[in-house]
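Note that ligands are numbered from 1 as they come in the structure, with each ligand's atoms numbered from 1 the same way.
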Amino acid sequence: MSESRVSIDSSALRHNLQRVRQCRPAAKVLAMVKAQAYGHGAVAVARILAAAGSDALGVAHLDEAVQLRDAGITLPIALLEGLVAHEALDTVAQLSLQLVVHQHEQLQALLQWPGQIGKVWIKINTGMHRLGFAVDEVAAVRSALQQRGGIGELGLLTHLACADDRQDPRTDHQLRCFAEAAAGWAEQDTSVANSALILARPGQECSWVRPGLMLYGASPLLGQTAAELQLRAVMRLSSRVIAVQRLRAGDEVGYGASWRAPRDGRIAIVGIGYGDGYPRTAQAAPVALRGRRYRLAGRVSMDMLAIDVGNDEVELGDEVELWGPTIAADEVAACAGTLSYELFCRLTQRAHRHHL
Ligand SMILES: *Cc1c(COP(=O)(O)O)cnc(C)c1O
């Protein structure tokens with residue numbers, strides 16, 4: 001049996017949703033649960049968020065929305081990446097999903113498709129150049145959709161490229177472009193802010209915010225920790241010590257013999273590795289054991305990793321936190337040259353899931 005375990009703390013999730021409300025008291029919350037709620041488990045997270053008063057959920061793909069509806073989730077769900085195929089639009093209508101329209105092919109498909117749809121968000125490209133209509137196309141898209149009829153409401157949204165860096169001038173530029181496109185927009189529904197903007201500019205108002213990462217308790221802002229932002233880790237990834245090795249100064253550890261003991265001492269071998277989704281690229285990442293912090297020694301293997309415990313007391317079966325309330329996932333991500341977003345999403349099915 002694998003010793004690795006993913007525990008999900010619903011009270012931390014509710015706390016982080018409350019942080020969104022504190023930052024944007026007047027906004028409605030479209031909580032992002034794409035990619036299995038950033039690896040936390042979409043259905044379980046959606047249930048907690050629904051009970052805690054989230055106004056809507058956001059996913060990238062149709063099958064993600066289908067999974068939530070199959071599980072009995074009745075909140076509004078928005079499909080962020082849009083769709084073209086008519087059969088898919090039929091499903092959107094059957095499941096009362098909201099649709100994001102971001103390109104002409106999709107607009108044409110929607111104009112030709114005969115069904116009714118509750119809400120359509122028009123996505124504008126304000127500078128990220130990934131998805132969205134140009135600012136000067138928005139008026140035409142809007143009137144095409146209005147003429148079509150059969151659409152309950154229209155909304156306007158955009159996505160920010162560099163909001164993680166408070167100093168980046170591109171964010172203001174994107175906000176100005178959005179304001180220009182939304183000028184004269186009588187409809188109520190507008191949405192710009194991701195987690196980074198919600199935290200960096202509390203009080204900035206659009207009618208909807210779209211938090212993702214901050215709900216899960218990691219920091220979306222460069223140079224600021226989740227603790228400084230008063231976020232609480234929702235996921236705790238843990239495993240157990242499966243062996244303890246005595247080392248002489250100079251002994252080398254693991255594949256490639258990349259770590260050499262600086263002194264006599266011990267290392268603890270922990271039963272988790274990249275087969276569970278712990279990043280192989282992590283170097284000297286922190287872990288917590290018996291309330292103390294230690295660092296990885298050498299390379300991460302598929303099923304295990306080693307930590308340098310010096311001469312401290314360690315026993316077989318001791319629990320080790322890889323990330324969670326004690327070790328910020330952001331810190332591990334930095335040691336692995338990536339972001340906590342990726343660490344969460346890359347966990348495999350091997351780790352046992354557990355909800356608190
Ligand atoms: C994923 C996503 C978000 C949430 O971003 P975070 O940085 O996790 O807050 C918001 N909007 C869109 C369009 C997204 O795809």
Q: Do Asp276 and Ser4 have side-chain N/O donor and acceptor atoms under 3.5 Å apart?
A: yes

Q: Taking the six-membered ring where the residue is Trp, are the ring centres of His40 and Phe344 under 6.0 Å apart?
A: yes

Q: Given Leu197, which of Gln174, Arg210, Arg166, Arg24 fulfils the side chain to side chain contact (heavy atoms under 4.5 Å, CB included) condition?
A: Arg24

Q: Measure the distance from atom 9 (O) of ligand 1 to every protein heavy atom, then report the residue, atom name and distance (to 0.1 Å) of the closest one.
A: Ser195 OG, 2.5 Å

Q: Check this for me: does any side-chain nitrogen of one of Glu331 and Arg293 sit under 4.0 Å from a carboxylate oxygen of the other?
A: yes

Q: List every atom of ligand 1 that sits less than 4.0 Å from any heavy atom of Leu80, numbering the atoms from 1 in the order shown and giving each element.
A: 13 (C)

Q: Among His159, Lys34, Arg210, which one puts a heavy atom closest to atom 2 (C) of ligand 1?
A: Lys34

Q: Salt bridge check: are Arg236 and Asp9 linked by an N-O gap of less than 4.0 Å?
A: no

Q: Looking at atom 3 (C) of ligand 1, what's its closest protein heavy atom, distance included?
A: Met32 CG, 3.6 Å

Q: With a 4.0 Å heavy-atom cut-off (strictly under), which part of Leu213 contacts ligand 1: side chain, backbone, both or neither?
A: both

Q: Could you identify the single nearest non-hydrogen protein atom to atom 8 (O) of ligand 1 and state the distance to 0.1 Å?
A: Tyr38 OH, 2.6 Å

Q: Measure the distance from atom 7 (O) of ligand 1 to every protein heavy atom, then report the residue, atom name and distance (to 0.1 Å) of the closest one.
A: Tyr341 OH, 2.6 Å

Q: Nearest 0.5 Å, please: how far is CG in Leu83 from OG1 in Thr91?
A: 8.5 Å

Q: Considering both backbone and side-chain atoms of Pro211, is one of its nitrogen or oxygen atoms within less than 3.5 Å of a nitrogen or oxygen in ligand 1?
A: no

